[in-house]
Amino acid sequence: MPLVEFHSVVCLLGTFPALAGVDLQVEPLDVLLLEGPNGAGKTTLLRLMAGLIPPHSGEARVFGVDLFKDRRSARHRLALVGHETYCYDDLTVMENLQFTFKASALTGTGISEVLERTGLGALAAVRHAHLSAGQRRRLALANALVRDPELLLLDEPHAGLDEEGRACLHEIISSAPSEGRTVVLASHELELSRQLASREVRVQSGTIVDCARENL
Amino acid sequence: MPLVEFHSVVCLLGTFPALAGVDLQVEPLDVLLLEGPNGAGKTTLLRLMAGLIPPHSGEARVFGVDLFKDRRSARHRLALVGHETYCYDDLTVMENLQFTFKASALTGTGISEVLERTGLGALAAVRHAHLSAGQRRRLALANALVRDPELLLLDEPHAGLDEEGRACLHEIISSAPSEGRTVVLASHELELSRQLASREVRVQSGTIVDCARENL
Amino acid sequence: MRLWREASLVAGKDLRIEARSRIALGQILPFGIIVVILFAFALDPDSGLLTRVAPGLFWVTVLLAALLAVGRAFAVEEKSNARDGLRLTGLDGSAVFLGKMAAIAAELLFLEILLGTAVVILYGVEVNGLLVLLAAAPAATLGIASTGTLYGVLAAGLRSRETLLPLLLLPVLAPVLLGATRAFEGGLEGAPSDAWPWVGLLWIFATFYTAFGVLAFGTLWEND
Amino acid sequence: MRLWREASLVAGKDLRIEARSRIALGQILPFGIIVVILFAFALDPDSGLLTRVAPGLFWVTVLLAALLAVGRAFAVEEKSNARDGLRLTGLDGSAVFLGKMAAIAAELLFLEILLGTAVVILYGVEVNGLLVLLAAAPAATLGIASTGTLYGVLAAGLRSRETLLPLLLLPVLAPVLLGATRAFEGGLEGAPSDAWPWVGLLWIFATFYTAFGVLAFGTLWEND
Amino acid sequence: MGRVIGVGAVIGVVALCLFGLWGAPPDDRQGEAMRLLYLHVPSAWLAYFAFLVTAIASALFLWPRTRSIVWDRVAGASAELGVIFTGLTLVVGSLWGRPIWGVWWAWDARLVTTAVLFFLYLGYLALRRVPGEPVASGKRNAIAALIAFVDVPIVHFSVEWWRTLHQKATVFNPELSARIEGVQALTLWIAVLAFTLVYVYLLDRRYRLAVIDDALAGQALARAIRTRTGGNPGETT
Ligand code: HEM
Ligand SMILES: Nc1ncnc2c1ncn2[C@@H]1O[C@H](COP(=O)(O)OP(=O)(O)OP(=O)(O)O)[C@@H](O)[C@H]1O
Ligand SMILES: Nc1ncnc2c1ncn2[C@@H]1O[C@H](COP(=O)(O)OP(=O)(O)OP(=O)(O)O)[C@@H](O)[C@H]1O
Ligand SMILES: [Mg+2]
Ligand SMILES: [Mg+2]
């Protein structure tokens, strides 16, 4: 069963059809790359998958759950790295991660491992408000990983990361299948992303133009 | 005379020395690339050059004006493209650009030309609040160009731009010297940026490690 | 069980942020005291009027302070889009409601104690029926906190939250204001029999809105 | 000359944003009217009290509305860091001050007219000395707008702007509140001779703070 | 020098206690309660004075030619003392009001403006706590201090401008003729002198504390720069 199943999905932002009939399937352990020009609808598509915005018409299922009926119950199985960090300015990196961790009803030693993996170890005690752009990007990533999601949605995770950060990202995405994670990645860093993707589709003007390019 | 002259400049964010003794000179018509890890101080350095934050100690001059005495009078000769757009959510792209244009006491037909150059022509009537991440990046660029600055400070302008946008950016930076513009560019897109830069310095832990790499 | 755990997690986070930024203690409280002073001044006090209207003014002030506190509680969620993050964690809407409400109520209660002391001193009020006051204040606070949280999320995410919130909230809270004022008047005059029905009304209101919030918050929270 | 051009540019921008988002008209005004109604509620109206305290309540309400308007005027600058953009344009600090102040004053005047009408109707106030009112209101408005803008920028950029603003602003505006209230009381009672000194005080205050703002704003505007 | 003033302050306070409690006769109308005057009035005056010092220091800081961190520190130290003295005025006045007026507090222009003064400077002190680059935040503080000072003359003239319960000026009245005499006047002047000495002493202490604070901050900064450039990629705050 595909994790994400969209059939001619239309999604409105205000009155603007940011998605104008999207057909897309994401199979388990795919690493799907969404590419396409600015304003094409990539961000909208990812937010829709995460259940943050409602679809308008069509058929949309994530983990088999119909998004028209229930946008919540699939959420604990996925995580989204958006343009912003979703963190609290007055809490430290560690506190933010701990909150996400506990709120997701997890237990264990996930946090320190994630800090390690995203290269945030030295910043655990720094408040979110004081982070630089690239440090925030790392935190956004860590904040998603800490939930150990089956489906990882990444919206331009490269933007603002330095070389070390990109290496971390590379490692995270490339080891995703072996960790049982499916990845959907929207990015303009095509060279870097194509190395990682098992499939690539092009989003354009709110629809999907399938390039049917298969890696591996 | 160098446009920017910094000698052991220290700059504090709160109590943290984001710049811990920077020595840097930017000569007219340079295209200087600042690279370095996340949190190194690139953004801080650019904001300091623009006079948005005060230096703490050292010697800092931009266009020959001492930043310790006067952070305003050099400003009309420079423009900064930061991590955010500096635009008003409720105004359209066109209105935002017009406001910047008039506030900078300029006259002429600069705006339509800039819209053209940044590929925003079709979006002139869209409100800032409705733009996608990449469209915002373009607007930030347009908003700087509209002021026709002698010194153009770019903070990760590539982040989030699609291929077309990168081409526009490429054109803008590469034609800068012929238009009498000096550019300081902070970026993690090293391949793209190195093609454009005439000089490159590495920022690390709040200081500058000069690589003395000269292009051309 | 799970609901309580999650609610206390949210409340804990909000109170920790509050403890760190010191908004309620450092700014909302002085704001309240200044409003109390301004009122008294605007009302030209020589006529013993103040003692009479003290309960009303106290509760109007608490209401205004509550607007600030609620605004702040949701401003915190708006920065860096933390609200979306909270939704993504899959926390139950009811838990978020209870948690935020508890944090706001705790801040308000704290505020009321200090503000009440100030009013007693400044307006020269004599307290007779303390029991009534102690029964009425928590009920009114819960009522304010629950409706505040409910409307806070209604207004949250809208661009104009700051200004929309008072507009939505004040009319709904008019009964609370009235009830709390009457209960306090009764309590201060030492005529508790007048006051108890109002206290009952306040508790009904608080229970109703809390229950309503627990049920409805999920829906509001999910909408965009 | 240049100062006026730049100031009107800033004012124009702010008023255009206001026209588009309809905050003052759509939300601050109803807020004011609700506060006026709440006061009436809290003060238990059977005693003819309301007519007597109407001027005070009117100005307290205007002040609260002004807090919202000022907060909004600077919230607009905070989003997307527009404030930095404005600074980068090299606009003169004084021009920014005059522009923002003019926009706030225009909104407030508009609000006062509608709110005043509401008070006259709701509280059953009789207006006798209209001339005094017409002289006092603009002075008070300018005073509020100028100090509001000055403190708005003092608090702007600080994380806790929303709540710090009232704290800083209210004490400074206490004289305006008092002056405007007394002037209105005099005006309404048809005893303008009592009122004119207060009108004078209000104009002095407005002039002083506007001048001070023009001089000091630049410095504050540049600070981080 | 600081020590001399300190000793003077102690002597002044002892003299004030002796005169205030035993030396001066009780008032004809107010009786023993009148002795509160010797605390109430000087603390009010010293509050004014402290705020005046803050205002002057702030103006000196704003004036580019005299700008120096010294003035910012003086302004802050003096404002703190001013707030304390204002608080003392309020408390003692309130204690005094209870026997004389029968209430702790009244909505009298003098009382209200004094309370406003208290909060105004509390706001100023809150603003000072906001961190920032020294010159930038110094200017911001200075402007706030100048705005706040407007309230001081309002407090003083409130008894002339409004009909107040609080009594009119007896010493610094518009006719400039003091209406207090004999041992009572002497005690008042002793009190004023003692309070002034206490003020100067505390100001000096507070100023030194600020200097030490700044020096510590400087050391911390030097250390921070060293750790930062020492290749530590993160930060330590
Ligand atoms: C909370 C209550 C009170 C406050 C806030 C207060 C405030 C002040 C202030 C600020 C001053 C300095 C005035 C100036 O020189 O400009 C002052 C002076 C004075 N106060 Fe009070 N006061 C209070 C209660 C009282 C009471 C109850 C009395 C006695 C009945 C009193 C008697 C005086 C006297 C005699 C002066 C000296 C007036 C002069 O020489 O100018 N005050 N008070
Ligand atoms: N409220 C709105 N009204 C009208 N149009 C809107 C609204 N919100 C968004 N849009 C438009 O919808 C589109 C949404 O784009 P989206 O953010 O999904 O693009 P994207 O593919 O992520 O682009 P980018 O690569 O720039 O991030 C944009 O073209 C934007 O202009
Ligand atoms: N108020 C503050 N207190 C302490 N540290 C701060 C504060 N503000 C910023 N910092 C730190 O100062 C540094 C500033 O980094 P800056 O934003 O200049 O980095 P950058 O080189 O632009 O990084 P990036 O590539 O990630 O954008 C960061 O390490 C950040 O953690
Ligand atoms: Mg996007
Ligand atoms: Mg940066």
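To find a chain, count down the sequence lines: A is the first, B the second, and so on, and within it residues start at 1. All values below were derived from every heavy atom in this structure, side-chain atoms included, with hydrogens, water molecules and symmetry-related copies excluded. Remember, it's a predicted structure, so these values are computed and weren't measured experimentally.
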CG on Leu192(B) to CD on Glu189(A), rounded to 0.5 Å: 7.5 Å

Minimum side-chain heavy-atom gap His158(B)-His188(A) below 4.5 Å: no

Examine whether an atom of Leu190(A) lies under 4.5 Å from a heavy atom of chain B, and if so say whether it belongs to the side chain, the backbone or both; otherwise answer neither. side chain

Looking at Glu27(A), I'd like to know if its CD atom is crowded, meaning that more than 12 non-hydrogen atoms belonging to other residues, nucleotides or ligands lie closer than 6.0 Å. yes

Mind listing the closest non-hydrogen atom pair of Gly160(A) and Ala159(B) along with its distance? N-CB, 4.5 Å

Between Gly39(B) and Ser132(A) the two heavy atoms that sit nearest each other are N-OG, 3.3 Å

For chain A, which of His83(B), Arg166(B), His130(B) has the most heavy-atom pairs under 4.5 Å? Arg166(B)

The single option from Glu163(B), Glu164(B), Gln135(B), Arg138(B) passing side chain to side chain donor-acceptor pair (under 3.5 Å) against Asn38(A): Arg138(B)

